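Computed from heavy atoms alone, side chains included, the values below leave out hydrogens, waters and symmetry copies. Order of the sequence lines sets the chain letters (A, B, ...), proteins ahead of strands, with each chain counted from 1. For clarity, every value in this text was computed on a predicted model and none was experimentally measured.
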2 protein chains.
Amino acid sequence: MDSIKDIKSCPIQYVLYINDTLNVISGKWKLPIIGSVLFGKKRFTEIQRNIPKITPRMLSKELKELELNGVIVRKVYDSIPVTVEYELSESGKSITEVLDKMIEWGIEHRTSVFAKS
Amino acid sequence: MDSIKDIKSCPIQYVLYINDTLNVISGKWKLPIIGSVLFGKKRFTEIQRNIPKITPRMLSKELKELELNGVIVRKVYDSIPVTVEYELSESGKSITEVLDKMIEWGIEHRTSVFAKS
DNA sequence: TATAGTAATATACTAAAGTATAGTGCCAAT
DNA sequence: ATTGGCACTATACTTTAGTATATTACTATA
């Protein structure tokens, strides 16, 4: 296993690992979905109500992908009728660290772009 | 202007600012291009040689977008023949902080996914 | 018995992103 | 005079992402 230092200094590994992370958060709906389950588990229809314009097809597709990527955990309770709940995994929760850095850069970058124009 | 704290606690602003940053780095070629000019200015053909499979159309298109977003600076020298050089802006350089966080998360996430399977 | 909620899936479509291939105008060296 | 490098642009195409709309199987309530 390479150390973080090794990876950061190797342009190829660098891009590969970043893409791993990028795939988890890019696309039109991944962030809104993560945002929706950020403060606790939610059900399919609840998430759908949180994100008014998403279609069930997209929500279903993206949830599956997020589950496959280990970011979201899908829990089925055998109540009658069945209840399905989605929540962030531990990795999913820790992605907020990345998102926070993105917000910080976004704000700084925006002010520096405004300053020049 | 909202404080970083305010933004982080508001889901709508949260997603908007992250998307700002996300737009700068997402797509197939933006990261390889940023990676190519990370350690110093480069010319069009040099970047193209660094990224073997990129077409000039894509390189041109992406460089324009990165320039428009204030991440890359395009410098034209009126030598004969004209020389064009691309380099990261100050904002562009500081995006490495975001990228480093992404690498760290990517590595941790990958190990935690392996651990479970 | 009809209506509505839950958790989706199916089919068909449009729009956005990316690829393939060729060509331009400039100059410099052979 | 031709070949080749530089910095692109143009046109046509394919692939991927996202949308629209309808439908399913189940249950609970009015």
Just do the side-chain contact (heavy atoms from CB on, under 4.5 Å) check on A/D20 and B/H109 with the steps written out, would you?
-> CA-CA 9 Å; A/D20 265 20; B/H109 175 66; over 6 Å; no
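- Whole-Å rounding puts the B/E65 CD to C/dA16 P distance at 13 Å.
- One hydrophobic cluster holds both B/L38 and B/I25 under the rule that ILVMFWY side chains link at heavy-atom gaps under 4.5 Å.
- Applying a 4.0 Å cut-off to non-hydrogen atoms, the residues of residues 45-58 of chain B that approach DNA chain D are B/T45, B/R49, B/P56, B/R57, listed by residue number.
- Between A/K28 and C/dA16, a side-chain N or O to OP1/OP2 separation shorter than 4.0 Å is absent.
- A nucleotide of DNA chain D counts as in contact with chain B when one of its atoms lies under 4.0 Å from a heavy atom; the first and last such, 5' to 3', are D/dC6 to D/dA12.
- Nucleic acid contact for A/I80: sugar-phosphate only, since backbone atoms but no base atoms lie under 4.0 Å from a heavy atom of the residue.
- Between B/R74 and A/K61, the residue whose closest nucleotide on DNA chain D is further toward the 5' end is B/R74.
- Protein atom CG of A/L22 is 15 Å distant from nucleotide atom C1' of C/dA17, rounded to whole Å.
- Between the A/K64 side chain and the A/S60 main chain, no donor and acceptor come within less than 3.5 Å of each other.
- Side-chain atoms of A/S89 come within 3.5 Å of backbone atoms of A/G70 as a donor-acceptor pair (strictly under, hydrogens ignored).
- No hydrogens or angles considered: a donor-acceptor pair under 3.5 Å links the side chains of B/S112 and A/S91.
- The CD1 atom of B/I103 sits 4.5 Å away from the CD1 atom of A/I18 when rounded to the nearest 0.5 Å.
- Considering all non-hydrogen atoms of both residues, B/N69 and A/V113 come closest at O-CG2, 4.2 Å.
- A/I72 and A/I33 make their closest contact through CD1-CG2, 4.0 Å (heavy atoms, listed as atom of the first residue, atom of the second, distance).
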